[in-house]
Amino acid sequence: MPSGGRVPDADFWENELEMPVRYWLEQAEDGRFMAGWVNGLKGPQVSVLHALLELTPVESTRQKKNDLRDKPELLKRFVPVGRFARSKSRVAVIEFAESVLALESMDLCRDGNDEFDVIALLFAIFDKNWKSLPTVFHLDKIHKSGFARMVLEKPPKRLDVSLGEFLTQTSLASHLARFDKTKNDGRISQMKSIIPRDGRYLVFIRRSERRDMLLQSTTVIHGFAPEWIILDFQEGAAKVNISSKSVSVPLEIANHIASAYFGRDVEYVNDREHSYTKQLRRLLSLLGNDKADELTLVEIAVDNGPLDGSPKIVLSRTEGSISSGIRHFEKAVGGIIEDVGHINHIKVLYRNKRVTLKFEQNDESDDEFVVRYSDHTLNEKERRLFEAFMSDSHGITILSTEKRNRR
DNA sequence: CCGCAACCTTGCCGAGTAGG
DNA sequence: CCTACTCGGCAAGGTTGCGG
């Protein structure tokens, strides 16, 4: 028997999952709509629903569909789930499914290519415990947006309470309420969830951001557009990765929470772990000669090129190395790859994705650079792999291009 | 029914720009 | 200077249409 009790109401779909659901709830009451809905289901989705409804096992997808068409009343609760699946990342759903579903349920969700069907997985997750869908909704976000890497310059010692014990829904909610009161900008922060993950703590906050309006029928409703703030606390809050739309308030919230935890005022600053010219020259030389394992140089942009008038130069290919192009250019005109300070950015192909790398020169020392990369193009797992790869193979610590600054 | 390819849409981000 | 807006790059999902 599925847990989670009663069926979720419209408010659950709309407020917790930010999904326009009323249309689908209405449609699901219509027999003709349901018949069409069943027709449109893919093989794995049919198998999962057939098993979830505990119908007498039959062989073909066609036969299972016939069985399902007789059960619109039992199926209608799955209709919004299909809509929820839209624009949810595969990685997020598969990873969560692996943590909650039995292996045999997972196997029903594979298609002919042995690939998981995301909608089928969500049907199973929903049936097992619909209250876990917000977790999927939240985790989906961490794969899509970039995170600014922030650190405390001198993290205080705090031994009596662990970060995990400190970070509870109720205590955070009251810290957020206090923050909103001091900030006094008419916006409200909502504590949505705290998800422990590999020794880190992901804190999801929804806060009203800019003033906005929408149409309900013909009436304008005034309010705020929501912003999602994700604080990824690590190493006992000595570090935090921040994802958000606005740049200053989320940092203030992180500072507020960390200050409450440590019992005194602390402030996060952008992480600035640097690399040296020599290391970067070595990396660029490997890339330029197609000798960097797992990486292909596909683009280089130089701000002050060797052409007359020093225009910006971009050498780029969609896929495939530009190394021969660079050699040709250097023979015909002059060097473009050896002066790290003049390089605006390069792009490398890593796991078939174009990742931008930028070398940010230190104001004080010409020899030091902060290496930043476009982390949002990689999903969360790939980011960790890429960072470890750059560190292990090239001794270069890379940080996200995302930054947060206090106004 | 299924797989595949081509094309379209969505969401995020950074660069550039106009207008205070 | 700051802010809001637009535009293009990019990944990845969605849709459609075709042939086995």
Side-chain angles (χ1 to χ4, degrees), chain A residues 18-20 36 38-47 50 58-66 68-69 82-95 109-122 136-137 140-149 185 209-212 225-230 241-250 296 298-303 312 314-319 344-360 372-383 386 399-407:
Chain A
E18 298 186 349
M19 199 184 96
V38 170
N39 280 341
L41 293 172
K42 293 251 166 82
Q45 300 159 11
V46 171
S47 299
H50 202 269
V58 287
E59 267 307 308
S60 71
T61 303
R62 197 181 297 258
Q63 187 57 48
K64 287 177 193 169
K65 275 193 179 181
N66 286 337
L68 291 180
R69 260 188 293 268
R83 181 59 176 70
F84 171 75
R86 206 158 143 172
S87 76
K88 298 298 172 292
S89 84
R90 297 182 57 77
V91 217
V93 175
I94 293 170
E95 196 183 77
C109 300
R110 292 179 200 272
D111 65 14
N113 267 348
D114 227 24
E115 300 274 345
F116 284 118
D117 182 305
V118 169
I119 298 177
L121 287 172
L122 284 167
V136 180
F137 179 54
D140 175 61
K141 296 176 185 302
I142 66 175
H143 298 280
K144 294 176 174 170
S145 65
F147 280 81
R149 316 297 160 97
D185 60 359
E209 195 210 0
R210 59 189 59 198
R211 292 190 182 278
D212 206 350
E227 148 176 66
W228 278 89
I229 300 170
I230 309 170
N241 292 348
I242 302 180
S243 161
S244 61
K245 188 156 186 299
S246 68
V247 286
S248 104
V249 167
T296 310
V298 290
E299 183 168 308
I300 183 168
V302 180
D303 281 332
K312 179 178 175 176
V314 180
L315 298 183
S316 181
R317 291 184 64 189
T318 322
E319 50 195 27
N344 177 289
H345 70 259
I346 63 170
K347 287 184 188 176
V348 296
L349 213 59
Y350 175 73
R351 302 191 153 220
N352 239 2
K353 293 181 181 178
R354 294 166 70 84
V355 181
T356 303
L357 286 168
K358 291 183 79 96
F359 311 115
E360 190 181 276
R372 300 190 174 277
Y373 78 109
S374 57
D375 58 344
H376 69 280
T377 51
L378 301 177
N379 70 44
E380 214 242 355
K381 204 168 273 176
E382 291 168 334
R383 291 171 203 176
F386 187 52
L399 302 168
S400 170
T401 48
E402 290 278 311
K403 290 182 242 178
R404 290 294 178 268
N405 293 300
R406 205 161 186 177
R407 284 276 142 68

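In the text below, chain A, chain B and the rest are named by the order of the sequence lines, each starting its count at 1.
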Evaluation steps, side-chain contact (heavy atoms from CB on, under 4.5 Å), between Arg210(A) and Glu227(A)
CA-CA 9 Å; Arg210(A) 59 189 59 198; Glu227(A) 148 176 66; over 6 Å; no
Output, in order, the C-alpha distance, side-chain angles, deciding distance and verdict of side-chain contact (heavy atoms from CB on, under 4.5 Å) for Lys42(A) and Ile119(A).
CA-CA 9 Å; Lys42(A) 293 251 166 82; Ile119(A) 298 177; over 6 Å; no
Given Phe147(A) and Arg383(A), is the side-chain contact (heavy atoms from CB on, under 4.5 Å) satisfied, shown in steps?
CA-CA 11 Å; Phe147(A) 280 81; Arg383(A) 291 171 203 176; 3.6 Å; yes
Take Arg90(A) and Asn379(A), measure what side-chain contact (heavy atoms from CB on, under 4.5 Å) needs, and give me the verdict at the end.
CA-CA 10 Å; Arg90(A) 297 182 57 77; Asn379(A) 70 44; over 6 Å; no
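Whole-Å rounding puts the Glu227(A) CD to dC12(B) P distance at 12 Å. For Lys144(A) and dA11(C), the NZ to C1' distance is 11 Å, given to the nearest whole Å. Atom CD of Glu115(A) and atom P of dA12(C) are 13 Å apart (whole Å). Rounded to whole Å, atom P of dA12(C) lies 12 Å from atom CG of Asp140(A). Here dG13(C) presents its P atom at 14 Å from CZ of Phe84(A), a figure rounded to the nearest Å. In this entry the distance linking CZ of Arg317(A) with P of dG9(C) reads 18 Å, nearest Å. Atom CD in Glu360(A) sits roughly 14 Å away from atom C1' in dG14(B) (whole-Å rounding). The CG atom of Leu68(A) sits 11 Å away from the P atom of dC1(B) (whole-angstrom rounding).
Among the nucleotides dG9(C), dG14(B), dG13(C), the one closest to the side chain of Glu402(A) is dG14(B). The side chain of Arg86(A) lies closest to dG14(C), out of dC10(C), dC13(B), dG14(C). For Thr401(A), the listed nucleotide lying nearest its side chain is dG14(B); candidates were dG14(B), dC13(B), dC1(B). Considering only the side chain of Lys353(A), dA11(C) comes nearest among dC10(C), dA15(B), dA11(C). When each of dC10(C), dG13(C), dG16(B) is scored by its nearest atom to the side-chain atoms of Lys312(A), the top-ranked nucleotide is dG16(B). For His376(A), counting side-chain heavy atoms from C-beta on, the closest listed nucleotide (dA12(C), dC10(C), dC12(B)) is dC12(B). Comparing dC13(B), dA11(C), dC2(B) against the side chain of Thr61(A) picks out dC2(B) as the nearest.
The residue Lys403(A) sits apart from the nucleic acid: no heavy atom pair falls under 4.0 Å. Nucleic acid contact class of Lys245(A) (heavy atoms, under 4.0 Å, all strands): none. Using a 4.0 Å heavy-atom distance criterion, Lys141(A) is classed as making no nucleic acid contact.
An OP1 or OP2 oxygen of dC1(B) is reached within less than 4.0 angstrom by a side-chain nitrogen or oxygen of Lys65(A). Listed pair Lys88(A) / dG14(C) fails the phosphate criterion, with no side-chain N or O lying under 4.0 Å from OP1 or OP2. In this structure, Lys358(A) does not reach the dG14(B) phosphate: none of its side-chain N or O atoms is under 4.0 Å from OP1 or OP2.
Looking at Ser374(A), its side chain does come within 3.5 Å of a backbone N or O of Thr356(A) through a donor-acceptor pair. With hydrogens and angles disregarded, a donor-acceptor distance shorter than 3.5 Å links the side chain of Ser244(A) to the backbone of Ser246(A).
Nearest-nucleotide assignment on DNA chain C puts the 5′-proximal partner with Arg210(A), out of Arg210(A) and Arg354(A). Between Asn352(A) and Ile119(A), the residue whose closest nucleotide on DNA chain C is further toward the 5' end is Asn352(A).
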